[in-house]
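Heads up: the structure comes next, in structure tokens.
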Amino acid sequence: MPKLTIKDIPLKDQRVLVRVDYNVPLDEKDGKFVITDETRIKETLPTLDYLLEQGAKTILCAHMGRPKGKREPSTSLRPVAERLAEILKRPVAFVDDCIGEKVEATVAAMKAGDIVLLENLRYYNEEEKNNPEFAAKLARVADVYVNDAFGAAHRAHASTEGVAHIVPTKAIGFLMEKELQFLGEELKAPAKPFVVVLGGAKVSDKIGVIDALLDKADTILIGGAMAYTFGLALGKKIGKSLSEPDKVDVAKEALEKAKAKGVRIVLPVDTLITEHLDFKAKTISEPKTTAPGEDIPDGWEGVDIGPETIELYKKEVAAAKTILWNGPMGVFEVKASATGTFAIAEAVAANTGAVSIIGGGDSVKAIKRAGYADKVSFISTGGGASLEFLEGKVLPGVAAIPEK
Ligand code: AMP
């Protein structure tokens with residue numbers, strides 16, 4: 001059953017505490033902190049516009065970084081309040097605390113249509129501990145609680161879970177609704193063929209997703225370093241490529257399960273290899289490609305899928321009706337080993353007849369860098385939350401909101 005959304009609850013003149021995910025990257029420039037990617041702020045605008053329209057008093061709360069209870073300028077949400085005011089073209093008051101008298105006095109003076117952003121919730125250790133007294137302090141200024149922070153919904157923290165049990169009226173926002181729609185509903189009975197592209201560093205991070213998708217996917221294309229652990233499972237030599245030797249059994253089991261269920265797990269047929277990857281300098285020494293089916297020689301490491309694999313994966317993606325992509329095909333931060341990842345980005349964007357879902361993390365960076373962000377059906381704002389949700393896990397922040 002779908003969750004209650006802000007469309008289902010009274011908002012006029014209500015004090016609405018909205019948990020948002022404003023954990024945006026900041027860069028220090030001339031002693032000031034500047035936001036380098038404001039996607040997470042922009043994604044909340046539909047919710048904020050609706051609350052304004054409805055005459056709510058909007059109190060935004062969020063976390064930034066991992067301050068572990070310490071107040072530091074590098075993790076203050078003040079720059080976010082300033083930027084949000086510019087985007088909304090209206091004042092956004094900032095309170096340098098998230099609980100206590102200052103917050104209560106500010107909220108008491110709010111009128112319908114006002115917006116306030118509270119300071120970083122994680123300046124209190126109680127937030128991550130889901131401390132009930134802290135949650136009760138947050139709840140003191142709320143008639144209504146709204147969770148629009150999908151990226152934090154896999155954590156049972158005071159602002160994502162605890163507070164929802166205290167405030168009587170609660171709902172999800174439009175961003176959360178969209179995330180649940182695409183990562184949940186759209187993938188419940190996906191149009192076929194359903195092609196999943198999985199990459200990134202570790203099999204252990206993605207095995208839960210592979211397991212969950214074996215019941216739905218037709219084809220799973222594997223890239224990135226996780227392909228080498230699968231390679232080991234098939235008895236291949238992988239040189240000094242990044243791998244998880246202790247996860248070879250897990251990879252073997254996944255291959256067997258896939259076979260039994262009639263799902264094709266496709267592994268790279270060729271690999272871009274180098275003797276030396278310098279991640280800091282963003283260079284690789286004299287790269288070459290293995291011949292199709294050839295092992296990776298000793299002393300060499302795989303850094304990207306090879307050209308034959310790119311062609312193979314492009315064909316699979318082009319024939320799909322539903323595509324889910326999570327994780328880069330290689331060390332995409334280095335230009336010389338980013339070809340595979342950008343080729344997948346292009347192929348996903350080119351298949352306009354398919355529902356294409358970018359499941360968070362580094363593939364989001366890749367699709368944006370390639371300039372295809374507006375050509376796919378949906379880009380998730382959650383990293384860990386997207387993976388956990390795709391694994392079929394219950395997200396505490398979602399579970400705490402009632403169904404319709
Ligand atoms: P993840 O967070 O698991 O999606 O992994 C993303 C990271 O995997 C990126 O930083 C990539 O550089 C890294 N990665 C992908 N392929 C490789 C590879 N062949 N060797 C080393 N690192 C890789």
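For ligands, and for the atoms within them, numbers begin at 1 and follow the listed sequence. Note that the numbering runs from 1 along the sequence shown for the chain.
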Open item on the list: Could you check whether Arg40 pairs with Asp21 (Lys NZ or Arg NE/NH1/NH2 to Asp/Glu carboxylate O, under 4.0 Å)?
Closed with: yes

TODO: Specify whether Phe134 and Tyr124 have parallel, tilted or perpendicular ring planes, treating 30° as the upper limit for parallel and 60° as the lower limit for perpendicular.
DONE: tilted

Task: No-hydrogen, no-angle side-chain donor-acceptor test under 3.5 Å, Thr274 and Glu301 - done: no

Open item on the list: Looking at Lys259 and Glu256, is there a salt bridge between them, counting it only when a charged N and a carboxylate O are closer than 4.0 Å?
Closed with: no

For ligand 1, find each of its N or O atoms that sits under 3.5 Å from a protein N or O atom, and tabulate the pairs with distances to one decimal place.
unit_1	atom_1	unit_2	atom_2	d
ligand 1	3 (O)	Ala201	N	3.1
ligand 1	4 (O)	Lys206	NZ	3.2
ligand 1	5 (O)	Ala201	N	3.1
ligand 1	8 (O)	Ala201	N	3.4
ligand 1	10 (O)	Glu333	OE2	2.5
ligand 1	12 (O)	Glu333	OE1	2.7
ligand 1	12 (O)	Glu333	OE2	3.3
ligand 1	16 (N)	Ala225	N	3.2
ligand 1	19 (N)	Tyr228	OH	3.4
ligand 1	19 (N)	Gly302	O	3.0

Open item on the list: When you measure from the side chain of Ser356 to the backbone of Ile323, do you find a donor-acceptor pair of N or O atoms at a distance under 3.5 Å?
Closed with: no

Task: Pairing of Asp37 and Lys368 as salt bridge, 4.0 angstrom limit - done: yes

